[in-house]
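If you scroll down you'll find the structure; I have some questions about it.
Basis for what follows: all heavy atoms, side chains included, without hydrogens, waters or symmetry-related copies.
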Amino acid sequence: MSKKHNQLINFLSNQEQEYVPAVQIAEAIGVTDRTIRNYIKEINEKSNQISIVSSSEGYKLQTEDINMLIVNEAELEETLLDFEIVQFLMTRDDYTTYDEIADKFFYSPQTIRSRIQKLTMNMDKLGIDVSIDTKVFKGIMLVGTEIQKRVLLENLFTSISIKKEVYKDFLTKNFCNWVDEDVIESILNLVEEINIKYDLNLEFLMYKKMSVQLIIMISRIESGNHVVIELSEEMDFKDFKEFEVASAFCNGILQYVIASESERIYLTNYLMSLHLDLEEPGVENKDLQTVKKIEQILLNIEQAYQVPTYSQKKFKSNILNHIYRIIYPVSHNLLIYNPFVKETKSEYFFSFSIASNIALKIEKEFNVEIHDSEIAYLAYHIQNIFEAQDKKRIKTIILYSRNYERTKLLSSKIATYFNELEIYKIEKCSQDYTFHENCLYIGIDLAFTPKTKKDIIMIQNGLHNGEIKKIRFFLESQHSIIERANIFWINENNPEQAIQNLLQSNQRGQFIEAVMKREKMSYTSIGNLVAIPHPYFEMQEYKEEVIIGINQKAIEWGNELVQLIIIYLPSDDVERNEYIFTEFFQKTKNIKDVMKLVQMETKEEFIHCWNQI
C-alpha cells in the first residue's frame, strides 16, 4: 500500500464516519479527485480489512476496528526490514558494509542504502538518540547508548500493526535468533501474571511493548551488553511503585539472566514512561532540591496564566508528583507512551499550550527533552483545573428610572435566562450617574440614554423575545473575534514562511520569535488542515488579535497538512483565551467546514461561512 493510500485511509478514519466528497479528500492530500477515485478502487481491490464505501455525498471508511487492521505485505516487509537491520547492527561491534547487509537480507545494496537513509530520518523524528555512523570503505555502525538502542529496536517492532491472535507466532519468528522459543513463551506468561497481580490493565500495545522489552533485555544481558545508569544519590527509586513491579519482572526472568541494579532501575524508568495504572503513584521521600525547582516552575506558570498550579494544594500536589515521576525517564530519553496525543492537542488546545510552556521550563531546568506525548499528560492536569473551577460570570448592574419592584422582578428573569451574568446591583439611573469599571450595564425602560462609553444594553420592561435576543446577541458579539480579524490569502511552502508572512503583513513582526519558539516546542497543527500558531504568555504588550491565513495549498506542519492558519495573539484574560481556543476547535473540528472556509475568497465570505458553522 502506497504512502498516499495510507494518507487517504488516515484522513477518512478521522472523519467520524461521515461522507467526504472526493474533491475535499483530493485537496487534503494533494492529488486530483480523479486520482482519489483510482486510489479508492485500488484499496478496495487489494485489502480484505478495509472497505471505502461511496454515496452521493462522497466517501467514508467502513471497517469494524480501524485500530486492529494489519498492514499489507508490502508495508509489513518494509517496516520489518528497518527492524531487522537495527537488530543485526546491534549484534555487531564493528563497521558493516552495505553489501554484507544486502547479502544477509537478500536485498540490493541500493535498497539497503535507501532504507537506512529513511531510518535515520525516522530516528530524528522520534527523538531517539541513536545514529548510524558511516565511514568510507568501512561501512556503517549503530552508535548510541545501550538504553537508546533497546528503545529504538522495541519501537520499530511494536510500531508494526499485528493482531493479537498471531502476535506470539510473529514475535517468535522475529526474535528466534536472539532467544529460544520457550523463553518467549515464558515471557508472555510472565507479563500476563504481573498484569493480573498488579492490576495494570495493560492494553495490547503496552502488552507488546513490555514483552518485547523483556526479550531484548534477556538477550542483551546474555551477550554482555549491559545498561549503564549513573545512580542518583538524591533519588531512591525504591520509593516508586514501579520499582516493585520491575523487581517482580526481574525475579521472573532469574532462570535466564541476573538483572543488575542498573537494569532494575532502567526497567523502573521504562515502566514509569508507560504511565501504568498503579494504585500508588505518589512518592513520599522526594528530593527537596528537585521539588523546589518544580514548585518554582508551577509558580511561574500560575503568575503567567492565572491558573492555580501552585496556590491550590491539590492541583500543585498532582502536577508536582507527575513531573517528579517523569523527569528521570525522560532524562534517559525513554519515549513516553501516550496513545491520545492528537485528540488532546486538538480538543484541549489551550491546556496543551500551557502544558507545553511547563515542558519548556522543565527542559531548561533539568536539561531533558520533553515530547508531545508527555506534554499531553501535563495538559490533562491543566484541563482538570479548568473544569474544576467555577467560571467567572460577568458582573452586571441593572439600571432603572422608575418602579424598583418591577425592575427587581425583571432582573431575576434576566439572571434565569443568562447564567453567565451575575446581577451585582440594581441602581437608579440619573444624569450624573457614575459608571464603574469592568461591569456590564442593562438599562430597563430608561427615560434617557446615558452618555457613557461603557457597555450598556437598553431594553424595554416587557422582556419579550426581542429583548432576550438583544442581550444574547450582545453577549455573543462580545465573545466573537473573527469579525475583527485580518485575513490574508498567501502562497507559502512551510510553517515558518507562513507565520512570518502573516505577522509582517499585519505589522506584528515583533512576535515572530515568540511564535516560532512555541512551534519549536510542539507544532500547533491540530488536524483537519488547521494550525493555530501563538506565542507563550511571556510578553507584556499582548493585546488580543487574530490573523488568519488561507494558503494556496496544504503544507506540511509537523505531522499534519495545514491550509488554514489562525494566528492568535492572546488577551491578558485567561478565561477569554480559553474561550477563543475552544471556539477555534469547535469551528474547525469537521473537515467539511474547514474545506468550505479555505474556499472563501473575501473576508466577508469567510466571516459569513464561519458564523454559519
Side-chain angles (χ1 to χ4, degrees), residues 11 23-24 26-30 345-346 349-350 352-353 356 480-536 539 541-571 577 579-613:
F11 178 82
V23 65
Q24 293 185 9
E27 290 192 33
I29 65 175
K345 193 172 187 178
S346 57
F349 191 77
F350 185 50
F352 195 94
S353 182
S356 66
S480 178
I481 190 176
I482 295 299
E483 283 82 356
R484 304 195 302 274
N486 285 329
I487 304 177
F488 301 90
W489 281 259
I490 59 176
N491 184 20
E492 301 297 348
N493 297 314
N494 58 57
E496 187 168 3
Q497 289 176 359
I499 289 169
Q500 287 182 355
N501 183 333
L502 292 172
L503 287 172
Q504 288 172 345
S505 297
N506 215 56
Q507 288 77 53
R508 294 293 180 268
Q510 71 270 29
F511 291 103
I512 292 174
E513 184 179 349
V515 173
M516 290 309 303
K517 180 180 178 182
R518 169 67 180 85
E519 290 292 328
K520 287 174 183 175
M521 187 65 217
S522 172
Y523 284 108
T524 57
S525 48
I526 62 171
N528 288 343
L529 298 178
V530 178
I532 313 176
H534 60 279
Y536 288 124
M539 300 172 68
E541 67 267 30
Y542 288 154
K543 186 177 181 182
E544 182 179 85
E545 192 169 354
V546 171
I547 307 164
I548 294 173
I550 298 174
N551 206 50
Q552 195 172 97
K553 59 185 179 298
I555 55 177
E556 287 190 11
W557 202 298
N559 295 322
E560 304 284 350
L561 289 173
V562 168
Q563 193 170 3
L564 177 60
I565 303 139
I566 307 174
I567 295 182
Y568 181 57
L569 302 180
S571 160
N577 295 319
Y579 174 89
I580 293 298
F581 281 124
T582 301
E583 180 182 357
F584 291 160
F585 168 69
Q586 292 296 333
K587 296 285 190 178
T588 62
K589 65 181 181 181
N590 189 311
I591 186 65
K592 289 182 180 180
D593 293 329
V594 177
M595 293 304 298
K596 289 177 185 176
L597 288 169
V598 298
Q599 290 169 11
M600 298 299 103
E601 297 181 351
T602 67
K603 179 176 179 178
E604 291 73 22
E605 289 178 354
F606 185 93
I607 293 171
H608 178 75
C609 183
W610 180 276
N611 290 335
Q612 294 301 308
I613 298 172

> Should E544 and R484 count as an ion pair when the cut-off is N to O under 4.0 Å?
Replying inline: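 So E544 pairs with R484 through a salt bridge.
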> Is the side chain of D593 donor-acceptor paired with the backbone N or O of I613 at a distance under 3.5 Å, no angle test?
Replying inline: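 Side chain of D593 to backbone of I613, a donor-acceptor pair under 3.5 Å: no, none is there.
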> Do F581 and Y568 have ring centres separated by under 6.0 Å?
Replying inline: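 When the ring centroids of F581 and Y568 are compared, they turn out to be within the sub-6.0 Å range.
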>> Using modelled atom types and a 3.5 Å cut-off, is there a donor and acceptor pairing between side-chain atoms of N494 and backbone atoms of Q497?
In response: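 Indeed, once roles are kept as given, a pair shorter than 3.5 Å links the two residues.
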>> Are the side chains of W610 and K587 in contact, using a 4.5 Å heavy-atom criterion?
In response: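 When only atoms from C-beta onward are counted, W610 and K587 do touch, with a gap below 4.5 Å.
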>> Give me each pair satisfying salt bridge (charged side-chain N to carboxylate O under 4.0 Å, His left out) with a member in residues 597-606, each pair once, sequence neighbours excluded.
In response: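 Qualifying pairs, neighbours excluded: none.
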> Under 3.5 Å, is there a donor-acceptor pair between the side chain of W489 and the main chain of M600?
Replying inline: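 Yes: the side chain of W489 pairs with the backbone of M600.
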> Got a second to check how far I487's CD1 is from I547's CD1, nearest 0.5 Å?
Replying inline: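 If we round to the nearest 0.5 Å, I487:CD1 and I547:CD1 are 11.5 Å apart.
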>> A quick test of your reading: do over 12 heavy atoms of other residues, nucleotides or ligands sit less than 6.0 Å from OH of Y523?
In response: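 Incorrect, the count does not exceed 12.
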>> Quick check on the 6.0 Å ring-centre criterion: do F511 and H534 meet it?
In response: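 So the answer is no for these two rings.
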> Between N590 and K592, is there a donor-acceptor pair closer than 3.5 Å when you use the side chain of the first and the backbone of the second?
Replying inline: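 It does hold such a pair.
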>> Under a 3.5 Å distance rule, please check whether K589 uses its side chain to pair with a backbone N or O of F584 as donor and acceptor.
In response: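 Looks like no, no N/O pair under 3.5 Å.
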> When you look at CD of Q612, are more than 12 heavy atoms from neighbouring residues, nucleotides or ligands closer to it than 6.0 Å?
Replying inline: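 Yes - once you tally the heavy atoms of other residues, nucleotides and ligands closer than 6.0 Å, there are more than 12.
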> Got more than 12 heavy atoms from elsewhere within 6.0 Å of CD, Q599?
Replying inline: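 Above 12, so yes.
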> Can you tell me if S356 uses its side chain to pair, donor with acceptor, with the backbone of S353 under 3.5 Å?
Replying inline: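 Yes; judged by distance alone, with no hydrogens or angles, the pair exists.
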> Considering only heavy atoms from C-beta outward, does the side chain of L564 approach that of I548 to under 4.5 Å?
Replying inline: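 Yes. Closest side-chain heavy atoms under 4.5 Å.
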>> Going by the rule salt bridge (Lys or Arg N to Asp or Glu O under 4.0 Å), which residues pair with E560 if we only count those two or more places apart in sequence or in a different chain?
In response: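 By the salt bridge (Lys or Arg N to Asp or Glu O under 4.0 Å) rule, E560 matches K342.
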>> So does S571 get a backbone contact from the side chain of N577, meaning a donor-acceptor N/O pair under 3.5 Å?
In response: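 It does hold such a pair.
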